[in-house]
> 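Please read through the structure below; I'll follow up with questions.
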Amino acid sequence: MSGPKAYYITTPIYYVNDVPHIGHAYTTTACDVMARFKRLDGFDVMFLTGTDEHGQKVEKSAAAAGLDPQAFTDRVSENFREMTRQMNVSNDQFIRTTEPRHLKASQAIWDAMVAAGDIYVGKYEGWYAVRDEAYYGEDELTVTPTGKRIAPSGAECEWVEEPSYFFRLSAFADRLLAHYDGNPDFILPAGKRSEVTAFVRSGLRDLSMSRTTFDWGIKVPDDPKHVMYVWVDALTNYITAVGYPDTDAEAYRRYWPADLHMVGKDIIRFHTVYWPAFLMSAGLPLPKRVFAHGWWTIEGQKMSKSLGNAVKPAELIETYGLDQTRYFFLREVPFGNDGDFSRKAMVQRINGELANDYGNLVQRVLSMVAKNCAAAVPAPGPLAPADEAMLGAARALLARVRADMDVQAFHKALDAIWLVIGDANRYVDEQAPWTLRKTDPPRMATVLWTLAETIRHVAVLTQPFMPDASAKILDQLAVPADRRTFTALTPADALVGGTPLPAPQGVFPRLVVEGEGAH
RNA sequence: GGCGACGUAGCUCAGCGGUAGAGCAGGGGAAUCAUAAUCCCUUGGUCGGGGGUUCAAAUCCCUCCGUCGCUACCA
């Protein structure tokens, strides 16, 4: 008994010290679209997101807030849960690295790496700025005439040594390179794979894996003075969530290795070098893919704390609408590239593509049906070549979109869908059902049915991107709730003439822009 | 410095050996079912500069200019 194929997708766990912004919402939304797509395509999906709650910064922030770290993280972790709700994200689990199960998993993978002989005791040394509580590289420092080392922040540094456990990362370079080579889609997009490969090829140094300078973290087994390097802890969340260290657990056997770790481009090394090396050491299978997406600029400017221009997801939803925002995220930029978020681009996408192309297509068709077909699905007569062509385009869409989604080419998937929407608008004009109404009503019914059936295909396929709006459209076509998966995209599930339809309602309102006004 | 990517119409980009493409923006027209939405036509580029290979180069090679990324332990 194999059942449906499993698909396990993860967001990074977000560092609770941050306030959720457009970047977090973007990553999570992309995963959500992927997860929804796979579910509709018949996969048994496990979709994980969560928060990373350990580390020195959190410890400090908690102290500054007058809370103990656990109480502090309990509070701020909620910000990210709230974001997933706001973005209508369908995650199956929300993991927190302060959960007991995660302590257990982290210590277990540590023990496994120790057992493999890949962890040893050494000392971590470097130029340390007490004021910043951070180490700096030699090349980052400026030396004063008196020989003092000054960090970029202006803090004075001193040479510090602390005992530390190390991971024998240097021993894994060849195996990592072999893995990249044998699995060309392990790191996407391809440009990122080249960077990582170049980095690994240049030689790997062993990795300091523990700290003794703060407490807020997972203790090293049998040596509680040491707290694990936060990335050991953080990365392990992906297997904690499926039951590790119980590798016989149902979820572990079903979902691990993960199909896709989605990450921002800033954390690609942790996911494509360290994490695979940890897993190799522990004797666990590697995830199938790590996809590194790009960053958003805001109105052409980098997001930064000093500029205070971070965009909050809630504001986007409030201003533009939830599905509109989700659509924009995945349509505006080739997935993997950096992109710019601007009000102008947002309005252009919403009005041009959602309101005018898609929304208006649905509206013009459904209102003709409502007025001229007794508020029921029209009954088609014999299909003309133009009708067959229209339906052929709609039915060919799934295969096209699936191929694009398989490589996270969200923008291409949407592009393909919009080509059919364009075909449909063209078909309306060519067939001119408003003329057929007077000259050939049965033919009008066939045309309107063809259009409704085309829209059914489109709406089923836009569900992962815009769940609510797509549902409204499918509601207006009276498509039963259990006939909305991709298995229904066949002639056997085509709209049936005579099915009563509700009154049509607009789905994507136009945004009225200042200065545009009504003419 | 090293490695790499990119530079194509006003904007965003596709094309990656066979005499330049899309979307949006701009201009003209058609239609009137529809959220004044739609459809058709159209203006616009010596494909960063120079050199080379080839019957033929945005497309391959060299070089120059410009932009950007990576070049490890804050997460």
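Note that this is a predicted model, so its numbers are computed, not measured. All heavy atoms count here, side chains included; hydrogens, waters and symmetry mates do not.
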> Is the phosphate of C33(B), meaning OP1 or OP2, less than 4.0 Å from a side-chain N or O of Asn372(A)?
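Asn372(A) to C33(B) OP1/OP2: no side-chain N or O under 4.0 Å.
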> Hey, where does RNA chain B pair up into stems, meaning at least three consecutive Watson-Crick or G-U pairs with distances under 3.5 Å?
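The stems that RNA chain B takes part in, listed by first number, are B:1-7 with B:65-71, B:10-13 with B:21-24, B:26-30 with B:38-42, B:48-52 with B:60-64.
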> Identify, with sequence neighbours excluded, every residue that meets ring pair (Phe, Tyr, Trp, His ring centres under 6.0 Å) alongside Phe199(A).
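For Phe199(A) there are no ring pair (Phe, Tyr, Trp, His ring centres under 6.0 Å) partners, ignoring immediate neighbours.
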> Is it the case that atom CG in Asp174(A) sees more than 12 heavy atoms from other parts of the structure closer than 6.0 Å?
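Check fails, neighbour count at 12 or below.
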> Measuring to OP1 and OP2 of A37(B), would you say a side-chain N or O of Arg510(A) lies under 4.0 angstrom away?
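Answer yes for this pair, as a side-chain N or O of Arg510(A) is under 4.0 Å from OP1 or OP2.
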> Write down the distance between NE2 (His54(A)) and C1' (A75(B)), rounded to a whole number of angstrom.
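Between C1' of A75(B) and NE2 of His54(A): 14 Å.
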> Taking the six-membered ring of Phe186(A) as reference, does the cationic atom of Arg193(A) (NZ for Lys, CZ for Arg) lie under 6.0 Å from its centre and within 45° of its axis?
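Output no; distance or angle outside limits.
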> Starting at CG of Leu169(A), measure out to CG of Leu204(A) and round the result to the nearest 0.5 Å.
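It is 4.5 Å, given to the nearest 0.5 Å.
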> Give me the distance, rounded to whole Å, that separates C47(B) from U19(B) when you measure between the C1' atoms they each carry.
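Per the computed distance, 14 Å lies between those C1' atoms.
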> Classify the side chain of Asn360(A) versus the base of A34(B) as yes if they form a donor-acceptor pair under 3.5 Å and no if they do not.
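Looking at the base of A34(B), it does pair with a donor or acceptor on the side chain of Asn360(A) (distance under 3.5 Å).
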> List the atom pairs, donor and acceptor, that lie under 3.5 Å between side-chain atoms in residues 360-368 of chain A and the rest of the protein, sequence neighbours left out.
residue, atom, partner, partner atom, Å
Arg364(A), NH1, Asn425(A), OD1, 2.9
Arg364(A), NH2, Asp429(A), OD1, 2.9
Ser367(A), OG, Gln363(A), O, 3.2

> How is Gly359(A) classified with respect to the nucleic acid when contacts are heavy atoms under 4.0 Å: base, sugar-phosphate, or nothing?
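Base contact.
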> If you measure from the P atom in C68(B) to the same atom in G26(B), how many Å do you get, rounded?
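Nearest-Å result for C68(B) against G26(B) at atom P: 31 Å.
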> Side-chain polar contacts of residues 329-338 of chain A - donor-acceptor pairs under 3.5 angstrom, sequence neighbours left out - could you list them?
residue, atom, partner, partner atom, Å
Arg331(A), NH1, Asp415(A), OD1, 3.3
Glu332(A), OE1, Arg349(A), NE, 2.6
Glu332(A), OE1, Arg349(A), NH2, 3.2
Asp338(A), OD1, Lys265(A), NZ, 3.0
Asp338(A), OD1, Trp295(A), N, 2.8
Asp338(A), OD2, Lys265(A), NZ, 2.8

> Name all residues meeting the side-chain contact (heavy atoms from CB on, under 4.5 Å) criterion together with Ala310(A); count only those two or more places apart in sequence or in a different chain, and write none if there are none.
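With neighbours one apart ignored, the set is His21(A), Met303(A).
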> Contact list please: residues 195-212 of chain A against RNA chain B, heavy atoms, distance less than 4.0 Å, in numerical order.
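Those residues are Glu195(A), Phe199(A), Gly203(A), Leu204(A), Arg205(A), Asp206(A), Leu207(A), Ser208(A), Arg211(A).
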